[in-house]
Colleague: 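Take a look at the following structure, please.
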Amino acid sequence: MQNELKWRGLELLKDGAVDRILGWRAGQFVYDITPDVFTDPEDLEKNFIYNEFCGANLSKYLIAESAKEGKVAVFLKPCDTYSFNQLCTEHRIHRENVYVIGIECYGKVSVDALRQRGIDGITGIRSEMGSLKIDTIYGEESVPAMEVYAERCRNCKSKKHVVFDELIGADGEVVDDCDRFDMVEKLEQMSAQERFEFWRGELSRCIRCNACRNVCPACSCEKCVFDNPKSGVLNKAAADNFEENMFHIIRAYHVAGRCTDCGECSRVCPEHIPLHLLNRKFIKDYNELYGDFVAGESVGQMSPVADFTTDRDAEPSVVQKGGDQ
Amino acid sequence: MMYQIPMESLDRLLAAIAAQQKLYLPTDNTAGEAVYTEWTQGAALSKKLNTLRSAKDFFFPQIQNMAKFRREGKKIEVIDDRAEADDFCIFGVRACDVRSFDVLDNVFLADPVDTWYETRRKHATVISLACTRPGETCFCHTFGIDAAKAGGDIQCWETKDTFYLEPLTEKGQALADALIAADGELLTQCGADQEALVEKETERIHKILEKLPLYDLKAEDNRERELELFRSKKWKELSSHCLGCGACTFVCPTCQCFDIEDFNNGETVQRYRCWDSCMYHDFTLMAAGTPRLTQTERFRQRFMHKLVYYPKAHDGLFSCVGCGRCLRKCPIHMNIVKVMETLKEEKE
Ligand code: SF4
Ligand code: SF4
Ligand code: SF4
Ligand code: SF4
């Protein structure tokens with residue numbers, strides 16, 4: 001697929017149809033790929049890459065890219081298109097400056113998953129019929145690709161592009177029978193104490209590097225309150241571990257109804273904290289309380305909690321009476 | 001003097017050290033990453049290449065209380081509430097992290113000495129461990145670090161059946177002596193044959209290192225090119241997609257910046273310091289604002305500091321030790337190796 005993407009990118013650049021291409025730049029190894037903008041066809045030809053490690057969701061970069069002059073083409077995987085729509089709904093992307101190329105996706109591999117299996121010293125990776133052949137300085141390894149996909153890909157929620165100007169590869173369907181809520185259900189079935197301990201355990205590893213927040217397409221505030229000394233809640237250091245944990249709960253509330261479950265937070269967390277479970281709990285609750293709602297499914301849709309209606313709201317009396325009465 | 005102990009008696013060795021002083025070693029956490037934890041009976045030494053967070057935490061913790069101030073009428077009382085530190089031992093430190101202590105020492109132990117750091121450092125004994133399985137992200141060799149001879153107070157090797165220890169400093173020898181005094185059977189002195197086996201293991205590791213993809217990476221002395229590199233156009237491209245998250249600085253064993261803040265509850269003020277990151281927009285924020293307005297300038301600071309400013313101030317010593325943590329943990333895979341390569345191109 002890489003060649004198709006590259007060829008199309010070159011064509012768009014050379015025709016002058018777009019001024020820039022937002023894609024992925026090859027690195028030192030097969031997996032250390034950096035999101036980047038290409039303006040020079042020669043550079044694109046030489047350094048553009050598309051493979052099973054192009055997990056990064058490029059949508060958030062369009063906040064800055066689409067605000068610039070000229071047109072930018074972007075490659076979006078199905079799950080990335082939800083983030084794109086959501087950002088358009090929030091008026092963060094100038095849609096008219098973006099040309100969306102939807103690309104087919106079979107799932108992306110997590111290097112961490114390879115390392116967890118003790119695979120290290122990686123020098124090359126090839127896909128062969130559903131399995132990955134990994135060259136390392138210690139010899140060759142082979143693993144079923146499905147087993148080392150990122151969590152969000154193992155539980156892919158949709159192969160459908162909710163927005164595109166053109167497609168490379170086929171469009172798929174929403175995956176109705178995906179298992180993404182299984183773990184949430186397990187957590188729901190725990191006692192409050194067990195659940196508390198589960199989260200205390202997971203969140204206690206946090207080093208507060210802010211990678212989860214900074215990569216998140218729903219976290220697009222210019223300046224986070226927790227970074228702002230004037231906000232009164234500056235949180236450069238937490239007083240204790242519990243306060244630290246609360247950061248994540250607060251963040252999950254803040255993105256509820258806007259989080260598309262793109263899975264970037266969990267992908268980038270150096271401590272492998274399953275942040276997506278917090279978001280999925282909200283998604284599941286929304287679905288149960290307000291009827292199915294998918295953030296980013298279309299542009300302009302309102303999240304149920306931002307759009308009160310007496311017939312749908314879980315506690316209509318609040319809407320009828322108003323706040324403090 | 002070198003000592004040995006059979007691999008299956010490693011637990012006995014750890015228990016013996018723990019009987020002398022608090023012992024920390026890398027163990028696997030629930031997420032499958034190695035982290036330093038306090039030794040308890042049955043704790044297994046991690047097989048991972050390196051810990052997720054570096055060993056700098058021991059001397060320079062992420063959050064540290066510095067002093068308390070209490071006001072009573074017109075008097076302000078300053079309370080130094082530091083507890084007396086006990087001796088402790090860090091086991092299994094890799095060569096890169098051992099070098100990182102030199103980098104940190106140059107800063108925290110220089111005049112004016114940082115007494116918080118100094119106390120922790122004085123009480124610590126560092127037991128290092130040669131790397132048996134370096135990864136593709138390792139480039140300690142670039143900075144003249146030998147992964148097969150890890151340094152510290154006692155340096156160790158683990159082979160299939162034997163664990164070797166070599167005290168290098170007085171502190172290390174004192175610990176070895178104390179271990180022997182407590183249990184005469186624990187450690188056996190190595191003869192010439194065994195020392196030759198250690199030499200062989202060292203060579204084996206060197207052969208692996210030579211196969212690493214970054215083995216030939218050269219760190220150039222750029223002290224003379226400070227201004228030229230500072231003004232380079234490349235920073236903009238390199239930093240253009242950096243998220244400004246700070247993951248790279250928090251996992252880095254040599255990043256040393258901190259912020260000092262006061263928490264005022266009306267009666268007492270708690271003064272604390274916490275890690276800061278030059279990747280953050282409020283880094284070195286002053287009344288007049290911040291001197292680095294864009295992510296490009298913040299990004300440049302991180303790498304100029306590692307590759308130019310620090311070497312300039314410390315006799316050419318780089319403040320990167322090639323541990324590879326930032327290569328593994330950056331969400332967008334931007335890192336110091338890519339920066340070094342790009343700056344080199346600039347010169348060509
Ligand atoms: S990415 Fe992980 S470690 Fe970093 S702040 Fe988020 S949860 Fe914490
Ligand atoms: S800059 Fe990266 S490779 Fe160098 S010491 Fe820091 S984390 Fe390790
Ligand atoms: S200036 Fe940046 S690179 Fe240097 S020690 Fe501080 S945080 Fe690390
Ligand atoms: S270089 Fe990477 S890890 Fe460091 S701040 Fe930028 S995105 Fe985060």
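Hydrogens, waters and symmetry mates play no part in the numbers below; they use all other heavy atoms, side chains included. In what follows, chains carry the letters A, B, and so on, assigned in the order in which the sequence lines appear, proteins first and then strands, with residues in each chain numbered from 1.
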Colleague: Test A:Gln28 against B:Thr137 for side-chain contact (heavy atoms from CB on, under 4.5 Å), laying out the working first.
Modeller: CA-CA 10 Å; A:Gln28 312 267 333; B:Thr137 50; over 6 Å; no
Colleague: Identify every side-chain donor-acceptor pair in residues 218-225 of chain A under 3.5 Å, counting partners at least two apart or on other chains, and give the distances.
Modeller:
| unit_1 | atom_1 | unit_2 | atom_2 | d |
| --- | --- | --- | --- | --- |
| A:Ser220 | OG | A:Arg92 | NE | 3.1 |

Colleague: Against chain A, label B:Leu214 side chain, backbone, both or neither, depending on which of its atoms sit under 4.5 Å from a heavy atom there.
Modeller: side chain
Colleague: If you round to the nearest 0.5 Å, how far is OG1 of A:Thr34 from CG of B:Asn335?
Modeller: 7.5 Å
Colleague: What option among B:Ile208, B:Val251, B:Leu212 has the most heavy-atom pairs under 4.5 Å with chain A?
Modeller: B:Ile208
Colleague: Determine, stepwise, if the pair B:Leu243 / A:Tyr61 fulfils side-chain contact (heavy atoms from CB on, under 4.5 Å).
Modeller: CA-CA 10 Å; B:Leu243 302 167; A:Tyr61 287 117; 3.6 Å; yes
Colleague: So, for A:Ile137 and B:Pro134, which heavy atoms are closest and what is the spacing to 0.1 Å?
Modeller: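 Nearest pair, atom of A:Ile137 first, then B:Pro134: CD1-O, 4.1 Å.
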Colleague: How long is the straight-line distance from CG of B:Leu285 back to CG of A:Asp227, given to the nearest 0.5 Å?
Modeller: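 Result: 11.0 Å between the selected atoms.
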Colleague: If I measure from the heavy atoms of chain A, does B:Phe263 come under 4.5 Å with its side chain, its backbone, both, or neither?
Modeller: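 Neither part, no heavy atoms under 4.5 Å.
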Colleague: Select one option (side chain, backbone, both, neither) describing which atoms of B:Asp259 are under 4.5 Å from chain A's heavy atoms.
Modeller: side chain
Colleague: Only one of B:Lys48, B:Arg133, B:Arg328, B:Lys47 passes salt bridge (Lys or Arg N to Asp or Glu O under 4.0 Å) with A:Asp120; say which it is.
Modeller: B:Arg328
Colleague: Below 4.5 Å from any heavy atom of chain A, which atoms of B:Arg273 appear? Answer side chain, backbone, both or neither.
Modeller: neither
Colleague: Which atoms of A:Tyr138 are under 4.5 Å from chain B, going by heavy atoms: the side chain, the backbone, both sets, or neither?
Modeller: side chain
Colleague: Please classify the contact between A:Asn228 and chain B as side chain, backbone, both or neither, with a heavy-atom cut-off of under 4.5 Å.
Modeller: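 Contact with chain B is absent: no heavy atom of A:Asn228 under 4.5 Å.
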Colleague: Determine the option with the most heavy-atom pairs under 4.5 angstrom with chain B, choosing from A:Gly27, A:Ala56, A:Pro270, A:Pro274.
Modeller: A:Pro270
Colleague: Considering only heavy atoms and a distance below 4.5 Å, find which of B:Lys329, B:Gln270, B:Glu341 pairs most often with chain A.
Modeller: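 Among B:Lys329, B:Gln270, B:Glu341, the one with the most close pairs to chain A is B:Lys329.
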Colleague: Counting only non-hydrogen atoms closer than 4.5 Å, does A:Arg267 touch chain B with its backbone (N, CA, C, O), its side chain (CB onward), both, or neither?
Modeller: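 When you check distances to chain B, only side chain atoms of A:Arg267 fall under 4.5 Å.
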Colleague: Can you list the residues that meet the side-chain contact (heavy atoms from CB on, under 4.5 Å) rule with A:Lys71, with sequence neighbours excluded?
Modeller: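 By the side-chain contact (heavy atoms from CB on, under 4.5 Å) rule, A:Lys71 matches A:Val18, A:Asp19, A:Tyr99.
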Colleague: Measuring from atom CH2 of B:Trp275 to atom CD1 of A:Ile207, what distance do you get when rounded to the nearest 0.5 angstrom?
Modeller: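 Between atom CH2 of B:Trp275 and atom CD1 of A:Ile207 there are 7.0 Å.
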Colleague: Answer with side chain, backbone, both or neither: which region of A:Leu58 has an atom nearer than 4.5 Å to a non-hydrogen atom of chain B?
Modeller: neither
Colleague: Checking A:Glu271 against chain B: side chain, backbone, both or neither under 4.5 Å from a heavy atom?
Modeller: both
Colleague: Identify the residues of residues 196-206 of chain A whose heavy atoms come closer than 4.5 Å to a heavy atom of chain B, ordered by number, or report 'none'.
Modeller: A:Arg205
Colleague: Please report the interatomic distance CZ(B:Arg53) to SG(A:Cys209), rounded to the nearest 0.5 Å.
Modeller: 10.5 Å
Colleague: Check each atom of B:Asn29 against the heavy atoms of chain A and say whether the ones under 4.5 Å are side chain, backbone, both or neither.
Modeller: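 Only the side chain of B:Asn29 comes within 4.5 Å of chain A.
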Colleague: Should B:His333 and A:Phe29 be marked as a side-chain contact (heavy atoms from CB on, under 4.5 Å) after you check the CA-CA gap, both sets of side-chain angles, and the distance that decides it?
Modeller: CA-CA 10 Å; B:His333 290 294; A:Phe29 313 117; over 6 Å; no
Colleague: Taking B:Glu136 for the side chain and A:Ile122 for the main chain, is one N or O donor matched with an acceptor at less than 3.5 Å?
Modeller: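 Yes; at least one donor-acceptor contact below 3.5 Å.
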Colleague: Tell me, side chain or backbone of B:Pro213 under 4.5 Å from chain A's heavy atoms, or both, or neither?
Modeller: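 For B:Pro213, the side chain is the part near chain A, not the backbone.
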Colleague: Which pair of non-hydrogen atoms, one from A:Asp32 and one from B:Lys338, has the smallest distance, and what is that distance?
Modeller: O-NZ, 2.8 Å
Colleague: Less than 4.5 Å to any heavy atom of chain A: does that hold for the side chain of B:Leu52, its backbone, both, or neither?
Modeller: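 B:Leu52 touches chain A through side-chain heavy atoms alone.
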Colleague: Using non-hydrogen atoms only, which part of A:Val111 is less than 4.5 Å away from chain B: side chain, backbone, both, or neither?
Modeller: neither
Colleague: Suppose we screen for side-chain contact (heavy atoms from CB on, under 4.5 Å). Which residues come up paired with A:Pro41, at least two apart in sequence or across chains?
Modeller: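 With sequence neighbours excluded, A:Pro41 shows a side-chain contact (heavy atoms from CB on, under 4.5 Å) to A:Leu10, A:Leu13, A:Lys14, given in chain and number order.
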